[in-house]
**Student:** 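This structure is in structure tokens; I'll ask about it shortly.
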Amino acid sequence: MINTLPRVRFAPSPTGYLHVGGARTALFNWLFARKTGGVFLLRIEDTDAQRSTDEHTQVILDGLKWLGLDWDVGPVFQGAEVERHRADAERLLADGKAYRCFCTKEELEAQRKAAGSGGDAFKYDRRCDRLSAEEVKARIESGAPNVIRFRMPDEEIAWDDAVHSRIVFQGKDLDDLVILRSDRTPIYNMAVVSDDIAMRITHVIRGDDHISNTPKQIALYRALGAPIPIFAHVPMILGADGKKLSKRHGATAVGDYRNLGILPAAMRNFLALMGWSPGEDREILSEEEMLALFSLEGIQKKPAVFDTTKLEWMNGQYLSRLPAQDLVEPVARELDRMSVNYGALHVLLPYIEAVKARSRTILDIARQVAVRLDSRQVEYDEKARKLMDKMGADYAKSLTAATGTLRALEESEWSAEPILEALKARVESDGMKLGDLLQPIRVALTGSTVSEPVNELLAVVGRSSSLARLTAAAERSG
RNA sequence: GGCCCCAUCGUCUAACGGUCAGGACACCACUCUUUCAAGGUGGUAAUACGGGUUCGAUUCCCGUUGGGGUCACCA
């Protein structure tokens with residue numbers, strides 16, 4: 001039956017970037033639509049003309065595409081539908097379910113203050129609802145600005161939330177909300193309900209922060225005589241300090257993670273695990289597996305802290321499963337940004353091969369490739385400095401010894417095996433530990449205490465560059 | 001403050017009345033490597049608290065505490 005197919009929507013407002021919480025909401029909608037064979041609609045809620053920009057809209061679309069979340073309908077812009085929003089609001093007025101309110105913002109503020117500090121949330125006292133028909137008519141004719149206010153019924157409003165199960169509100173606790181402004185533009189809750197009805201949305205999957213909007217919207221559905229969709233309120237994503245994710249937590253937009261060198265597949269996998277569990281202790285999931293296992297019932301009720309360390313681990317997992325060939329282009333892009341010369345693309349392959357296993361992001365890989373390509377990219381990190389301090393004069397001595405041994409190798413012998421053998425022989429004859437000879441090389445060449453095996457490192461960097469860099473490093477510290 | 005939501009290792013989570021409370025990240029140890037890692041193996045670590053219901057509670061009910069959301073002519 002064609003009309004039982006689920007229809008879901010992701011409805012961001014283009015007043016900021018696509019943050020990870022929004023991306024995760026979009027992902028759940030997409031997963032649900034794809035799993036059920038339903039329709040995924042994208043709606044841009046741009047009715048806040050002050051804060052909405054085309055640039056933000058574009059960033060949101062790019063972010064969704066990057067994550068591989070394709071939509072079936074849209075993007076439709078909410079702003080294009082104000083006529084219908086207005087018509088729905090006026091229908092409510094005509095049906096006697098809403099009334100005109102002449103109170104100005106200033107008067108409302110005064111009422112709020114007068115009523116204030118009473119403990120309860122402020123509720124409009126409906127003074128304009130008690131105006132006589134003649135009075136209303138007179139005020140309209142005098143040109144007094146007015147809004148349309150929805151008369152909240154005094155009844156129980158409840159729904160069976162797909163993730164929270166039953167949630168109950170009392171109409172008497174809710175305010176008479178404005179649904180049409182004095183400039184005749186709609187208010188959010190009116191626009192959303194009007195759009196969701198028009199788009200025949202069957203499942204509203206959105207953030208937890210909309211729970212308190214839901215009873216207002218249900219009241220509107222009822223008043224409009226429309227069927228009420230199933231609601232699924234997914235928990236928020238929090239920062240490491242347990243607070244709502246915001247700019248001060250650092251990277252919060254999906255674009256930030258793209259720039260950091262996170263793969264879209266890893267991001268999508270990680271996001272799916274924020275508040276949802278596939279069961280069976282599964283962590284790394286392909287798109288097919290996600291679709292097979294996904295269900296609204298598996299969604300967690302409690303908010304989740306965004307753990308970038310685990311995201312990076314997961315990205316590392318994806319990275320190590322990816323052939324180096326697939327990484328050439330993204331790494332090259334990064335190197336271009338860093339203005340590092342590499343000549344032709346295929347040159348990068350052995351470098352990427354060398355560092356891939358120890359990298360968690362594409363940026364990691366690019367930085368390490370850069371260091372191997374160009375000595376000017378070397379920066380000594382804290383551990384490296386510590387080692388140099390600890391070794392003192394032995395550092396330069398060790399480097400000099402290694403250089404002497406390595407210089408004896410011909411260009412044709414410069415590969416991992418012979419290099420290792422030569423160094424081992426040197427250690428043997430000098431009676432030192434292999435690590436004492438190798439670690440300084442590692443530090444001198446990379447600025448770090450961590451790398452692929454040193455003989456492989458030397459092979460990748462190449463004979464002339466290695467010798468030059470080791471000599472320079474020995475002189476500098478000696 | 002009113003209304004609403006939530007509560008298992010530091011973090012993400014499994015458990016749908018009976019488990020030594022499982023897995024993953026992080027951390028620690030060991031292992032492999034005549035090298036640092038990566039990998040492999042193992043370990044530390046949790047049911048917020050108090051009452052019930054039950055032969056038996058992480059699980060069901062109530063309360064407390066703690067966190068979060070929301071209360072606009074914003075979305």
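First the proteins, then the strands, lettered A, B, ... as listed; each starts at 1. Predicted model only: the values in this text are computed from it and were never measured.
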**Student:** Hey, does A/Glu428 reach any base, or is it just sugar-phosphate, or nothing, if we go heavy atoms under 4.0 Å?
**Tutor:** base

**Student:** Look at all strands and tell whether A/Thr15 reaches a base, only sugar-phosphate, or nothing, counting heavy atoms closer than 4.0 Å.
**Tutor:** nothing

**Student:** Just checking A/Val178: base, sugar-phosphate only, or nothing, at a heavy-atom cut-off of under 4.0 Å?
**Tutor:** sugar-phosphate

**Student:** Determine the contact category for A/Glu283: base if any of its heavy atoms lies under 4.0 Å from a base atom, sugar-phosphate if only primed atoms, P, OP1 or OP2 are that close, otherwise nothing.
**Tutor:** base

**Student:** Report which part of the nucleic acid A/Val192 touches: base, sugar-phosphate, or nothing (heavy-atom distance under 4.0 Å, all strands).
**Tutor:** nothing

**Student:** Quick one: label A/Asn213 by what it contacts on the DNA or RNA (base, sugar-phosphate, nothing), any heavy atom closer than 4.0 Å.
**Tutor:** base

**Student:** Looking at A/Asp389 and A/Lys386, does any basic side-chain N land under 4.0 Å from a carboxylate oxygen?
**Tutor:** no

**Student:** Checking all strands, does A/Arg206 fall into the base, sugar-phosphate, or nothing category for heavy-atom contacts under 4.0 angstrom?
**Tutor:** nothing

**Student:** Need one value for A/Thr104: base, sugar-phosphate or nothing, where a base atom within 4.0 Å counts as base even if backbone is also close, heavy atoms only.
**Tutor:** base

**Student:** Distance criterion of 3.5 Å, no angle test: do you see the side chain of A/Lys310 paired donor-to-acceptor with the base of B/A24?
**Tutor:** yes

**Student:** If the threshold is 4.0 Å, N to carboxylate O, is there a salt bridge linking A/Arg127 and A/Glu107?
**Tutor:** no

**Student:** Within 45 degrees of the ring normal and closer than 6.0 Å to the centroid, is that where the cationic atom of A/Arg139 sits relative to A/Phe102?
**Tutor:** yes

**Student:** Please identify which of these residues, A/Leu67, A/Ile237, A/Asn29, meets the side chain to side chain contact (heavy atoms under 4.5 Å, CB included) condition with A/Arg24.
**Tutor:** A/Ile237

**Student:** Decide whether A/Asp195 and A/His85 meet the rule of one side-chain donor and one side-chain acceptor closer than 3.5 Å.
**Tutor:** yes

**Student:** Check every strand shown and say whether A/Met274 touches a base, only sugar-phosphate, or nothing at a heavy-atom separation below 4.0 Å.
**Tutor:** sugar-phosphate

**Student:** Distance between the P atoms of B/A21 and B/C9, in whole angstroms?
**Tutor:** 15 Å

**Student:** Is A/Asp281 side chain donor-acceptor paired with the B/G22 base, going by distance under 3.5 Å alone?
**Tutor:** yes

**Student:** Pick base, sugar-phosphate or nothing for A/Asp46, based on heavy-atom distances below 4.0 Å to the nucleic acid.
**Tutor:** nothing

**Student:** Looking at every strand, decide which applies to A/Phe169 at a 4.0 Å heavy-atom threshold: base, sugar-phosphate, or nothing.
**Tutor:** sugar-phosphate

**Student:** Checking all strands, does A/Gly316 fall into the base, sugar-phosphate, or nothing category for heavy-atom contacts under 4.0 angstrom?
**Tutor:** nothing

**Student:** Could you report the tightest heavy-atom contact between A/Gly16 and A/Ile60, atom names first, then the distance?
**Tutor:** O-CD1, 4.0 Å

**Student:** Tell me if the side-chain of A/Ser182 makes a donor-acceptor pair with the base of B/C73, cut-off 3.5 Å, by modelled atom types.
**Tutor:** yes

**Student:** Does a side-chain N or O of A/Lys302 approach OP1 or OP2 of B/U8 to a distance below 4.0 Å, or not?
**Tutor:** yes

**Student:** With heavy atoms under 4.0 Å as the rule, sort A/Val147 into base, sugar-phosphate or nothing.
**Tutor:** base

**Student:** Can you tell me how far C1' in B/A15 sits from the matching atom in B/C20, rounded to whole Å?
**Tutor:** 15 Å

**Student:** For A/Leu311 and A/Leu238, take the nucleotide of RNA chain B holding the closest heavy atom to each; which residue's nucleotide lies nearer the 5' end?
**Tutor:** A/Leu311

**Student:** Is A/Lys424 touching bases, backbone alone, or none of the nucleic acid, heavy atoms closer than 4.0 Å?
**Tutor:** base

